[in-house]
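Shown next, in structure tokens, is the structure this report addresses.
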Amino acid sequence: MAASAVAPTPLLTDELDIIIPTIRNLDFLEMWRPFFQPYHLIIVQDGDPTKKINVPEGFDYELYNRDDINRILGPKASCISFKDSACRCFGYMVSKKKYIFTIDDDCFVAKDPSGKDINALEQHIKNLLCPATPFFFNTLYDPYREGADFVRGYPFSLREGAPTAVSHGLWLNIPDYDAPTQLVKPRERNSRYVDAVLTIPKGTLFPMCGMNLAFDRDLIGPAMYFGLMGDGQPIGRYDDMWAGWCTKVHSCYI
């Protein structure tokens, strides 16, 4: 009789919070339940604070709405965006954990080419616990991954790497295009699964997206503040990119 497989123990359950900005019921959590249930959730409700947000049973969570933000921050509440996903920054503030994983409420569990569900959270955690290589590019991608190493010519003095501050996840299906690109490619979908980890080199900026993201609060801290967007602001949809530029200027370890 074959022995049953033992599920791996979730990593950093006492050191990581999951931050979710939302305007709707969180039914999407059901598909993430096997991966998220061991962790504490901080849910930031955007929009109408009188609207009731339903959270599936069995999750450990805190739920804050705009009334809570105004009560806790008082006159400084204006620093938290309203009617914009940058409201998640309030979750960053109230969290006391070392690590943060944030995800939008319309992100679904993807599958690898074999049909297996991808545990995006676990991959983010492994990235944060693994060094980055911002000073020299390794042509076998992530040299710390099983089955890989540093190639010939990579300086030995740099092989210890640097602490990783941010793990930036990507996505399948609908690309994160700007409005003009979406208009000319309304039916385009991304179906290319790429199983690779890369370090963005020192001195290189990138367009960060906040809908599938993890970071080390001790290393990056206030630089992860999403720019003030949404209601009452002249421009929108640059909140997460602004934070990405700030974190990259502040630290090359990403």
Side-chain angles (χ1 to χ4, degrees), residues 12 15-23 39-47 49 61-107 121 124-125 127-128 132 134 162-171 176 178 200 202-254:
L12 303 179
E15 300 179 68
L16 181 143
D17 278 333
I18 299 175
I19 311 294
I20 305 172
T22 189
I23 57 172
Y39 297 88
H40 179 68
L41 278 56
I42 299 178
I43 302 164
V44 183
Q45 177 182 344
D46 198 16
Y61 69 93
E62 302 169 58
L63 173 61
Y64 297 94
N65 60 31
R66 194 69 201 184
D67 289 341
D68 298 315
I69 294 173
N70 292 336
R71 173 177 52 82
I72 293 171
L73 294 182
K76 297 182 179 179
S78 59
C79 71
I80 303 297
S81 295
F82 182 56
K83 295 185 177 179
D84 186 88
S85 67
C87 67
R88 75 183 81 220
C89 287
F90 183 77
Y92 302 165
M93 186 197 74
V94 299
S95 173
K96 301 299 186 290
K97 304 290 180 63
K98 175 178 172 59
Y99 299 101
I100 294 292
F101 170 60
T102 185
I103 186 170
D104 282 5
D105 60 8
D106 57 356
C107 289
L121 173 56
H124 279 299
I125 292 173
N127 286 346
L128 292 173
T164 299
V166 179
S167 175
H168 185 261
L170 298 179
W171 50 88
D176 188 27
D178 52 71
I200 300 173
K202 178 183 179 182
T204 302
L205 299 179
F206 76 112
M208 191 180 81
C209 176
M211 66 181 175
N212 177 19
L213 181 75
F215 61 94
D216 184 326
R217 291 175 73 246
D218 289 349
L219 286 179
I220 213 66
M224 192 50 82
Y225 173 72
F226 282 30
L228 194 58
M229 303 284 165
D231 189 57
Q233 303 304 319
I235 57 176
R237 300 202 69 201
Y238 275 80
D239 49 336
D240 46 3
M241 288 186 286
W242 171 261
W245 301 328
C246 290
T247 57
K248 205 63 175 64
V249 171
H250 173 72
S251 171
C252 57
Y253 311 143
I254 187 170

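When a residue number appears, it is its place in the shown sequence, counting from 1.
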From [X] atom [atom1] to [Y] atom [atom2], the distance as rounded to the nearest 0.5 Å:
{"X": "L63", "Y": "I42", "atom1": "CG", "atom2": "CD1", "result": "11.0 Å"}
{"X": "M224", "Y": "R217", "atom1": "CE", "atom2": "CZ", "result": "11.5 Å"}
{"X": "K98", "Y": "L219", "atom1": "NZ", "atom2": "CG", "result": "5.5 Å"}
{"X": "D240", "Y": "H168", "atom1": "CG", "atom2": "NE2", "result": "7.5 Å"}
{"X": "D84", "Y": "D231", "atom1": "CG", "atom2": "CG", "result": "10.0 Å"}

TODO: Report the residues that fulfil salt bridge (charged side-chain N to carboxylate O under 4.0 Å, His left out) with D176, sequence neighbours left out, ordered by chain and then residue number.
DONE: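 Partners of D176 by the salt bridge (charged side-chain N to carboxylate O under 4.0 Å, His left out) criterion, ordered by chain and then number, come out as R237.
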Open item on the list: Taking the basic N atoms (NZ, or NE/NH1/NH2) and the acidic carboxylate oxygens, is any pair closer than 4.0 Å for K83 and D46?
Closed with: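 Looking at D46 together with K83, the answer is no, because their closest N to O distance does not fall below 4.0 Å.
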Open item on the list: Assess whether a salt bridge exists between R88 and D104, defined as any Lys/Arg side-chain N lying under 4.0 Å from an Asp/Glu carboxylate O.
Closed with: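 Yes, this pair counts.
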- [ ] Return each pair, listed once, that meets ring-ring contact (aromatic ring centres under 6.0 Å, His included) where at least one residue sits in residues 77-107; pairs must be two or more places apart or across chains.
- [x]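 For residues 77-107: F36-F101, Y64-F90, Y92-F215, Y92-F226, F101-H124.
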Close side-chain approach of [X] and [Y], heavy atoms under 4.5 Å:
{"X": "D216", "Y": "T164", "answer": "no"}
{"X": "L16", "Y": "L121", "answer": "yes"}
{"X": "D239", "Y": "S81", "answer": "no"}

Task: side chain to side chain contact (heavy atoms under 4.5 Å, CB included) against P207, all qualifying residues, sequence neighbours excluded - done: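 Counting only residues at least two positions away or on another chain, P207 forms a side chain to side chain contact (heavy atoms under 4.5 Å, CB included) with M241.
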Task: Step-by-step side-chain contact (heavy atoms from CB on, under 4.5 Å) determination, D105 to I43 - done: CA-CA 10 Å; D105 60 8; I43 302 164; over 6 Å; no
Task: Full working for side-chain contact (heavy atoms from CB on, under 4.5 Å) between I103 and I20 - done: CA-CA 6 Å; I103 186 170; I20 305 172; 4.1 Å; yes
